[in-house]
Amino acid sequence: KLTGTDIPSAQYGGRHGVTMLPGGGIGPELMGYVREIFRYCGAPIDFEVIDIDPSTEGNDDLDYAITSIKRNGVALKGNIETKSQSLSEVSRNVAIRNELDLYVNVVHCKSYPGIPARHQNVDVVLIRQNTDGEYAMLEHESVRGVVESMKVVTVENAERVARYAFEYARQNNRKKVTTIHKANIMKLSDGLFLEVANRVHKDYPELEHNNMIIDNTCMQAVSNPHQFDVMNMTNLYGTIVSNVICGLIGGAGLISGRNYGDHHAVFEPGTRNTGTAIAGKNIANPVAMINASIDMLNHLGHKEHANVIQEAVYQTIVDDAIRTPDLGGTHSSTDVVQNILKILSAKRVN
Ligand code: ADP
Ligand code: MG
């Protein structure tokens, strides 16, 4: 086990309760597809669906969602819109990660063969500090016309994420960890992040460890992403690099992301988009959310269900080339889902 994350024990009948937060935009329709697939193949999951209305004042929905995740230990999540610019309203997405101390985010960017993309054969694991750094949300206007924003790096969190990165590399037979930073400018904060990574590396002498400055990282990722293996990043650099690399291999609709703390795990699409502009049009790519649901099944130990759904997704977009417009295809979201169901039916897993 990579993190200390508790794996909830199954209830009577081998079933697990999982919190489902559809969020806004395309979230609800994507969750509908996941539920259809799970029902079809008899995945032993009981979803507790909690809608969070982004336009409400106060945090009742949010508190209820967090309580539910604490009880179930696991959630599947869409992106919750942050409508207000008001300082008193923090992003509910960030609030959930902070409240549950989901300190690490993992996005495995692996190309699907034959999908039109800038690069083929990419296989990079992006590991991101998920709770502090530039997302500390400590901003203020110290005097009129001067705004200050604090970036917080702690030894504890830098160490937890670095250790996760090296441990992941060791357990998954990876060779190299690259720590991403801007320590030439942010000497104390990023300097600490890098120093901690260098120290943690001493416990993993069989692995190579190098470091790269964030701006050069973006250029290197675009021109030659194959040089990367596992990446260890602060919060903001992590989201930027995840978006760059997901974009290189097929966009926002493909890759899933996992968030772990010591007690809870939250699964979601890797680039965390709301997709407001494409909602309700039957064109959103359902794959990233389905992949998140597969990660969730694997986490809970339902490997067989995870594997059959994973094979059906792969066959649909790679072999059968049933693809939504974001992947250069002409198919609808429901065409993709129907094809997945057809494959599951042929395998008679239900
Ligand atoms: P954000 O929520 O960060 O504002 P957007 O919703 O604007 O992000 O998404 C960024 C881009 O990715 C948009 O062009 C959106 O249409 C696209 N996108 C996001 N998710 C999907 C998806 N599942 N399928 C297809 N395109 C997607
Ligand atoms: Mg947007």
Side-chain angles (χ1 to χ4, degrees), residues 1-11 14-23 27 30-31 34 38 43-52 59-80 90-108 125-133 135-137 154 156-165 167-168 171 235 238-239 242 256-270 272 288-289 291-303 305-306:
K1 216 166 60 158
L2 272 166
T3 55
T5 313
D6 305 332
I7 312 289
S9 48
Q11 299 152 2
R15 303 183 68 83
H16 281 98
V18 169
T19 305
M20 175 181 271
L21 306 177
L30 300 181
M31 291 303 191
V34 168
F38 275 28
I45 302 296
D46 297 311
F47 285 115
E48 185 178 349
V49 183
I50 298 171
D51 289 305
I52 297 178
N59 279 329
D60 285 355
D61 294 346
L62 183 68
D63 291 343
Y64 181 45
I66 289 168
T67 305
S68 168
I69 301 172
K70 284 184 175 166
R71 188 172 55 238
N72 291 319
V74 175
L76 184 66
K77 181 180 170 301
N79 205 43
I80 304 159
V90 305
S91 156
R92 286 160 163 98
N93 303 294
V94 174
I96 289 172
R97 298 198 285 272
N98 288 353
E99 182 67 28
L100 299 173
D101 191 25
L102 300 170
Y103 63 86
V104 61
N105 173 252
V106 185
V107 178
H108 184 181
V125 181
L126 305 166
I127 294 174
R128 162 184 177 193
Q129 208 296 321
N130 209 21
T131 48
D132 57 18
Y135 284 49
M137 298 189 294
T154 63
E156 189 194 358
N157 281 332
E159 173 149 2
R160 290 201 289 180
V161 71
R163 201 160 285 286
Y164 186 95
E167 198 60 41
Y168 183 102
Q171 291 187 28
N235 208 338
T239 188
S242 303
S256 55
R258 295 130 54 187
N259 305 281
Y260 298 112
D262 284 339
H263 305 295
H264 315 97
V266 173
F267 301 90
E268 64 186 347
R272 300 174 172 165
M289 188 66 86
N291 279 337
S293 77
I294 293 167
D295 294 342
M296 183 265 281
L297 288 170
N298 274 320
H299 177 74
L300 291 171
H302 299 300
K303 307 279 179 202
H305 286 92

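Predicted, not measured: the structure shown is a model, and the values here were computed from it.
- Closest non-hydrogen pair, Ala65 versus Leu21, comes out as CB-CD2, 3.7 Å.
- Smallest separation of non-hydrogen atoms from Asn298 and Ala306: OD1-CB, 3.4 Å.
- Applying the salt bridge (charged side-chain N to carboxylate O under 4.0 Å, His left out) rule to Asp262 yields the partners Arg160; only residues at least two apart in sequence or on another chain are considered.
- With contacts defined as side-chain heavy-atom distances shorter than 4.5 Å, the pair His302/Ile45 qualifies.
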From CA spacing to verdict: side-chain contact (heavy atoms from CB on, under 4.5 Å), His264, Asp101
CA-CA 8 Å; His264 315 97; Asp101 191 25; over 6 Å; no
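- For Asn291, the side chain to side chain contact (heavy atoms under 4.5 Å, CB included) criterion is met by Tyr112, Ser256, Val287, Ile294, Val313, not counting sequence neighbours.
- Listed by chain and number, the residues in a side chain to side chain contact (heavy atoms under 4.5 Å, CB included) with Ala265 are Thr5, Tyr260, Phe267, His299 (sequence neighbours excluded).
- In this structure the side chain of Leu100 never reaches within 4.5 angstrom of the side chain of Asn259, judged on heavy atoms.
- A 4.5 Å side-chain heavy-atom check between Asn98 and Tyr135 finds every atom pair outside the cut-off.
- What you find for Gly23 and Ile80 is that their closest heavy atoms are CA-CG1, 4.2 Å.
- Ionic pairing of Glu159 and Arg163 is present here: one or more N-O contacts between side-chain nitrogen and carboxylate oxygen are shorter than 4.0 angstrom.
- The six-membered or imidazole ring of Tyr103 lies away from that of Tyr164, with a centre-to-centre distance of 6.0 Å or more.
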